[in-house]
Amino acid sequence: MDEKYFPEKIEEKWQRHWDETGAFEVEDGDARPKFYCLEMLPYPSGFLHMGHVRNYSIGDALAWHKRLNGFNVLHPIGWDSFGQPAEQAAIKRGINPRDWTEENIAHMRGQLKRLGISYDWRREIAAHTPEYYKWDQWFFLKMYERGLVYRRKSQVNWCPKEETVLSNEQSSGGVCWRCGTPVVKKDLDQWFARITDYAEQLLEDMKEIADGWPERVLTMQRNWIGKSEGAYVDFAIQNTDAKVRVFTTRIDTIYGANAVVMAAEHPLLAELLEGSSLKQDVTEFAERVRAAARNRTNASAEEVVKEGVNTGLIAINPFSGESLPVWVANYVLMEYGTGAVMAVPAHDERDFEFAQKYTLPIRQVIAPLTHAEEPSGFDPHLGVDQSTEMKEAFTEYGALVNSGEWSGKPSEDAKREMVQYAVEKNFGEAAITYRLRDWGISRQRFWGAPIPMIYCERCGVVPVPEKDLPVMLPDSAEFKGTGESPLAGVAEFVQTTCPQCDGPARRETDTMDTFVDSSWYFFRYCDPRNEGEPFDKEKIAYWTPVEQYIGGIDHAVMHLLYTRFWTKMMRDIGLVEFNEPVMRLMTQGMVTNQVEGTGEWKRMSKSLGNGVDPDEMIAAYGSDAVRLFILFAAPAENELRWQETGIEGAVRFLRRVYGMVYRWHGRLSDSSPREVAPASEELTIEARALRRKTHQTIARIAQDFEELHFNTSVAALMELSNTLGDFKVGPTEASASDLYAVREALESLVIMLAPFAPHVAEEMWAGLGHAEGLLSEVARWPQANDELARKEELEIPVQVNGKLRSRIHATPDTPEAELRTAALADEKTRSFIDGHEIVKVIIVPRRLVNIVVR
RNA sequence: GCCGGGGUGGCGAAAUGGCAGACGCGACGGACUUAAAAUCCGUUGACCGCAAGGUUGUGCGGGUUCGAGUCCCGCCCUCGGCACCA
C-alpha cells in the first residue's frame, strides 16, 4: 500500500484485476438467494453524461451491497442501439449507421469501465445486432399469430423534423418526445400492438407493485390509461331508423340534456344528412374542424374555442322522450368514447360553455346536498329554482331534481338504477372506456428491427416464417430524409418471394419502434447468447422478476408501460409466470449545473453549455470520488446540483480514510488469525466508544440501504471516520484490545465504503492484510451487535412545559422513578418549577423528561 | 382546472410525535509556511448579552397533544405530469 492516495493508479489496477478474474460474472442456479439489479440501458449517443453516471452509481452501490450480503447478484449492461441519431448521422454526414453506433458503443464501454461499475460484461447485448433483433421479430410473429398486432390505416402522429411516426405516448403534449417539435397528423398504414387489450390488467396489477414503485409513476400511468366507468345510451334519430350512441359517466344528469353533440368525423353523420338542406353547411363545418385538428400543434396549452353547427336532426331522449337538437362540434373527439355525447350544460363545464355561446337552454337536474339535506331528508318535490341563471356548471354529485320518477335520488343510486333501466328497455348498457390507445409500432426508419411481414399480390399479408428469421437489415441504404423508410429504396431487400405461393412479393419496409427492443431486453440478459429462442425459460425463471430497477422519470409512461404490457403478453404466450417484471423502481433525479450568465440550475446539456464531462472528472478526482459525491450530495430521487467543491470534499474524505488505514496497517496487516473479541471490561472507555460507534453505524447503514438512502449512509461513514480520527491511542502504543476495536472499525468502514468507492476500498482491504482474498471475493458485510451499539451513558433532556431547560445524566437502565427524582432535583430545572404546581411528569425512558407545571 | 411531489441555515441536506439543523460544501478565525496552496484545530440559524445565559426559529393561519418540522383542517408558493377524455 502506498503512503499516499493515488486514485488513478489504484483504479486502473483494480479495474484490470476485476476484468481479468471475471470478478462480477455470475451464474444462475446458485444456492444463494438471487438479486437482479438493473439500470436502464443507455442509448449509445457517443458519450456518457452525468445522468448515466448517477444511474450506474446508484445501481452499483446496490449491487455491491447485495453481493457483500451474500446474494447472487445479476448486474448487466447493454445498448439500446437502434434509433434516430444514428440515422441522422447517416443523413447528414453520410456515415453508415452501424459503424457510427459501434464506434459509440466502443467509446462508451471504455467510459463505463473507467467508472469501474461491477457489470457482468459477458452478458452485454446490443439491440442492433441480428442476434438480438431476430427475437424482436420473433415476438412480432407470436403476437401476429394471436392477433396482438394488426395493421390499419390511421391518422398517426407525425414528427415533421424527424420524418417519422410517433406513438401516442411519444407525442404526449402534442410534441415529439425526443426533439420537442410539434406533432402533426398524417394518414398511414401502420402496425399496432394491442396494448388496449391489457388496459384493465395494467391498472389492476399496479396493486402488486404499489409498495415498490413511486406513487407518481403509478399515478402517471393510471392517468394515461384513463379508465372511466359510465354507460352507453342510444338516442333515436327522429324520422330515421338510426340511433346515435353516446358515452356518459353521468347518466344521472340525462334529464338535463339539451342536445346530442357529435364529432365532425363521426361516420354516421354523412348518412344521416343525406337529402338534408343543411348537409352542405355541416359538411363544410366538419371539413374545417378536421383541417384545424390536422394543423393543430396543441403544443401550447391554450384551449380551442368551441364551435358547432346545428344539423337540423332531432334526437329523442330515451328517458324523458324529449326532442333534442343534434349538433356537430369541434370539442367532441372521435377518438374517445363513441364520438358523440349528450350535452348537459348545467352539469358539465364544456357543455355549459357551448350552451352559453349558442344560447341553448340550461336546465339544472342535480341539486347540491347541503348538510340539512342529506339524501334521507331531501325533499324530491322541492326542486331547484330554474329561473336564477347558473353562473357555472355544477359538476358534483347531488340529488336528482326535475328528473321524472328519478327525482330525489342521490346521484350514485340513480346512476346504477338508470343504467339498469336502460338495459331493460334495450337502449343502453354499462360501459367502461379508456384513454389508452393501441401502441403504433411502425417507424419509417432504416435503423430499427425490420417488421417481418411480406405483401403478396395473391396471398395478401403473409408473415415471414420463423425459420427465415432474422430478416436482416441490409448493409446500407440511401439516406435522403424523405419520410419514407430508406429500406424502400433497397431493391434486394424489398423484392422477395411469397412464403406461401412463391410468387413475387415485397417486404414491409417499416421497422419497429425502438421501444420494442427495450420492452424485453432485461430478459435477454439472463440468457444473452441463446440462438434457438429469446431466452431459456428456466434461466429467466431463476433471475426474473427484477428486484430493483433504476432510471430516469422520463420513461414513467413510455418504456415502463410498454415493458409491463410486454411482460403480460409473454405471460400469455407461456414464457413467464408472473404479471409484473419489476418489483421495485427507483426514479433518480436530474443532474443539473449552473448556466453561465443566468446562474440558473438546468439539466446538463450541450446546447446550454453547462455539461460536465465524466472523463474529465474521473481524470481529475478519480471515479471513486465522483461516485461518492454523486451518492452523497443529495437523495437519489432529488435533483443533483453539480458542484466541484463537493467532489473535492469527497476526495478529502477518501484521503483521510486512506491515511488512517495506512497509519494502522503496519500493526494490522499481519495475516495472523484475527483475535477473539475482548470482553468489554478489557477495553478502555475510548475503545468501547469506538466499538459502539462502529456498531451504531453498521445498524444505521443497514437501514439506509433498505430505503436506498445512500446520502445518509455516506454521512454515517463520515461520522465513523471522524470518531476513528479522534481515537486517542496511536498504533505504536495501542494494546491488543485497542487494536481489536480499531481493526473492527476500519474493516467495517472499508467494507461499507465499497458500494460507494470500490477501488479504494479494495486497496485498503488489501492494506489491512487480507491474504485470504479480495474484498470483492471474500468480504462479508458487517453485522451490528445491538448490545455493543447501546449507549452506556445518556444525557436526558429535561423539559418544563415542553421547553428544554436542562439535562440530566443517566444510563439506559435508570428506572423511571429515578429519572423523575433527578429531574425534579436538578438545579436548573428547579429555577423554572419552584413556586409552581407540578401537574404531571412525563417520562419517556431513555429519551426525555417533561415536567408540566401550572 | 385535475392529479402527484415539495417548501427546514448562505448552499446540498439530516431528524420511529420527544435535544431541529447530523453529515458535507461555503464562510470566518487560528496553527504550520518567507508566502500561497494543501493539511490540521476552532467558530458558524437569527436576535439580545462582555459573559453566564436568555429569546426566537422548520412557507402562512388555526387545531390535536405534556410535547408538532413530523398528525388534522384551511390557505399561500413552487416543481412535475395530464389537460376539451364526456
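In what follows, chains are A, B, ... by sequence order, proteins preceding strands, each numbered from 1.
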More 5' along RNA chain B: A650(A) or G802(A), using each one's nearest nucleotide?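 Nearest nucleotide further toward 5': that of A650(A).
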
Polar pairs (N or O, both sides) under 3.5 Å between protein and nucleotides 53-58 of chain B?
from, atom 1, to, atom 2, distance (Å)
rU55(B), OP1, R805(A), NH1, 3.4
rU55(B), OP2, R805(A), NH1, 3.2
rU56(B), OP2, K803(A), NZ, 3.0

Mind listing the closest non-hydrogen atom pair of R603(A) and N610(A) along with its distance?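 Smallest interatomic distance, heavy atoms only, reads O-ND2, 3.5 Å.
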
Side chain of R807(A) (C-beta onward), nearest among rC19(B), rC82(B), rG80(B): rC19(B)

Minimum-distance nucleotide to N330(A) side chain [options: rC84(B), rG26(B), rC3(B)]: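 From the listed options, rC84(B) comes nearest.
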
Spacing between [X] atom [atom1] and [N] atom [atom2], to the nearest angstrom:
X	N	atom1	atom2	value
F756(A)	rG24(B)	CZ	C1'	14 Å
R655(A)	rA38(B)	CZ	P	10 Å
E335(A)	rA86(B)	CD	P	14 Å
I808(A)	rC19(B)	CD1	P	15 Å
L333(A)	rA83(B)	CG	C1'	11 Å
L804(A)	rG21(B)	CG	C1'	15 Å

Check nucleotides 69-74 of chain B for protein N or O atoms closer than 3.5 Å to its own N or O atoms and list the pairs.
none

Regarding W224(A) and E169(A), is there a side-chain donor-to-acceptor distance under 3.5 Å anywhere?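 Checked: W224(A)/E169(A) side chains pair up, N/O donor to acceptor below 3.5 Å.
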
Do T811(A) and T814(A) pair up side chain to side chain, a donor and an acceptor below 3.5 Å, judged on atom types alone?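 The criterion, which ignores hydrogens and geometry beyond distance, is satisfied for T814(A) and T811(A).
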
I'd like to check the side-chain contact (heavy atoms from CB on, under 4.5 Å) partners of T712(A); sequence neighbours left out, ordered by chain and number. D704(A), H709(A)

Among residues at least two apart in sequence or on other chains, which ones pass side-chain contact (heavy atoms from CB on, under 4.5 Å) with Q643(A)? W601(A), T645(A)

Using salt bridge (Lys or Arg N to Asp or Glu O under 4.0 Å) as the criterion, list what pairs up with D348(A), not counting sequence neighbours.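 Salt bridge (Lys or Arg N to Asp or Glu O under 4.0 Å) check on D348(A) returns R350(A).
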
Check this for me: does the side-chain of N850(A) come within 3.5 Å of the base of rC66(B) through a donor and an acceptor? yes

Base rU16(B) to side chain R847(A), donor-acceptor N/O within 3.5 Å cut-off: yes

Do T196(A) and Y434(A) pass the side chain to side chain donor-acceptor pair (under 3.5 Å) test, and can you show the C-alpha distance, the side-chain angles, and the key distance before you say yes or no? CA-CA 8 Å; T196(A) 54; Y434(A) 299 91; over 6 Å; no

Can you give the dot-bracket line for RNA chain B, where a pair is Watson-Crick or G-U wobble with both atom distances under 3.5 Å, crossing pairs use [ ], and | marks a partner on another strand? (((((((..(((.....[....)))((((((.......))))))((((....))))..(((((..]....))))))))))))....

Could you tell me whether K357(A) and E307(A) make a salt bridge, using a distance below 4.0 angstrom between a side-chain N and a carboxylate O? no

Is D2(A) salt-bridged to K4(A), going by a charged N under 4.0 Å from an acidic O? no

Whether [X] contacts [N] is assessed here as follows: a side-chain N or O lying under 4.0 Å from the phosphate OP1 or OP2. Is that the case?
X	N	result
T219(A)	rG5(B)	no
R652(A)	rC25(B)	yes
R656(A)	rC40(B)	yes

Please produce a list of atom pairs where a protein N or O lies less than 3.5 Å from an N or O of nucleotides 7-15 of chain B.
from, atom 1, to, atom 2, distance (Å)
rG12(B), O2', A633(A), O, 2.3
rA13(B), OP1, N638(A), ND2, 3.1
rA13(B), O3', N711(A), ND2, 3.4
rA14(B), OP1, N711(A), ND2, 3.1

Are Y358(A) and F354(A), when compared by the centres of their aromatic rings, separated by less than 6.0 Å? yes

Could you go over nucleotides 44-47 of chain B and give all protein N or O partners under 3.5 Å, atom names and distances?
none

Examine K306(A) relative to Y331(A) and say whether NZ or CZ is less than 6.0 Å from the centre of the six-membered ring and inside a 45° cone about the ring axis. yes

Suppose the criterion is salt bridge (Lys or Arg N to Asp or Glu O under 4.0 Å): which pairs have a residue in residues 842-854 of chain A, not counting sequence neighbours?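 Sorted pair list: E837(A)-R854(A).
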
Filter on salt bridge (Lys or Arg N to Asp or Glu O under 4.0 Å), then keep only pairs touching residues 641-655 of chain A, sequence neighbours left out; what's left? E639(A)-R641(A)

Kindly state which residues belonging to residues 792-800 of chain A come within less than 4.0 angstrom of RNA chain B, counting heavy atoms of the residue only, listed by number.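 Close to the strand are E795(A), P797(A), Q799(A).
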
With a 4.0 Å heavy-atom cut-off, tell me which residues in residues 713-730 of chain A come close to RNA chain B, sorted by residue number.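 When residues 713-730 of chain A is checked for heavy atoms under 4.0 Å from RNA chain B, the hits, listed by number, are A715(A), M718(A), E719(A), N722(A).
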
Please check: side-chain N/O of K415(A) versus main-chain N/O of T249(A), any donor-acceptor pairing under 3.5 Å?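 Flag set: sc K415(A) to bb T249(A) pair under 3.5 Å.
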
